[in-house]
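For the single chain, residues carry numbers from 1 onward in sequence order. For clarity, every value in this text was computed on a predicted model and none was experimentally measured.
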Amino acid sequence: MPREDIILKCTECGNENYIGTKNKRSHPEKFEIKKYCKKCDKMTVHKEKK
């Protein structure tokens, strides 16, 4: 399977909050999405940890 697990990390505080999967063959760029961060207590941009 080309799907791999990714960890999403908050860009403001660096907290690793979410785990997901993506197809690295069809989407080789880093994943970025707005999610809620418990530590910051607000919606922040989360990027794929490398």
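- Between Phe31 and Leu8, the shortest heavy-atom contact is CD2-CD2, 3.7 Å.
- Screening Glu48, Glu4, Glu29, Glu32 for a salt bridge (charged side-chain N to carboxylate O under 4.0 Å, His left out) with Lys22, the sole residue that qualifies is Glu48.
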- Task: Report the C-alpha distance between Lys24 and Ile6 in whole Å, list the side-chain angles of each, state the deciding distance to 0.1 Å, and finish with yes or no for side-chain contact (heavy atoms from CB on, under 4.5 Å).
- Result: CA-CA 10 Å; Lys24 291 204 175 193; Ile6 59 169; 4.3 Å; yes
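- Nearest heavy-atom pair, His46 versus Cys37, reported as atom, atom and distance to 0.1 Å: CE1-CB, 4.0 Å.
- In this structure, CG in Asn17 is found 7.0 Å from OG1 in Thr44, a value given to the nearest 0.5 Å.
- No side-chain donor-acceptor contact under 3.5 Å links Thr21 to the backbone of Arg3.
- Between Tyr18 and Tyr36 the shortest heavy-atom distance is OH-O, 2.8 Å.
- In this structure, Lys38 NZ and Cys10 SG are separated by 13.0 Å, a value rounded to the nearest 0.5 Å.
- One finds the CD atom of Glu12 at 11.5 Å from the CE atom of Met43 (value rounded to the nearest 0.5 Å).
- Taking both residues in full, the closest heavy atoms of Lys9 and Gly14 are given as CE-O, 3.2 Å, listed atom of the first, atom of the second, then distance.
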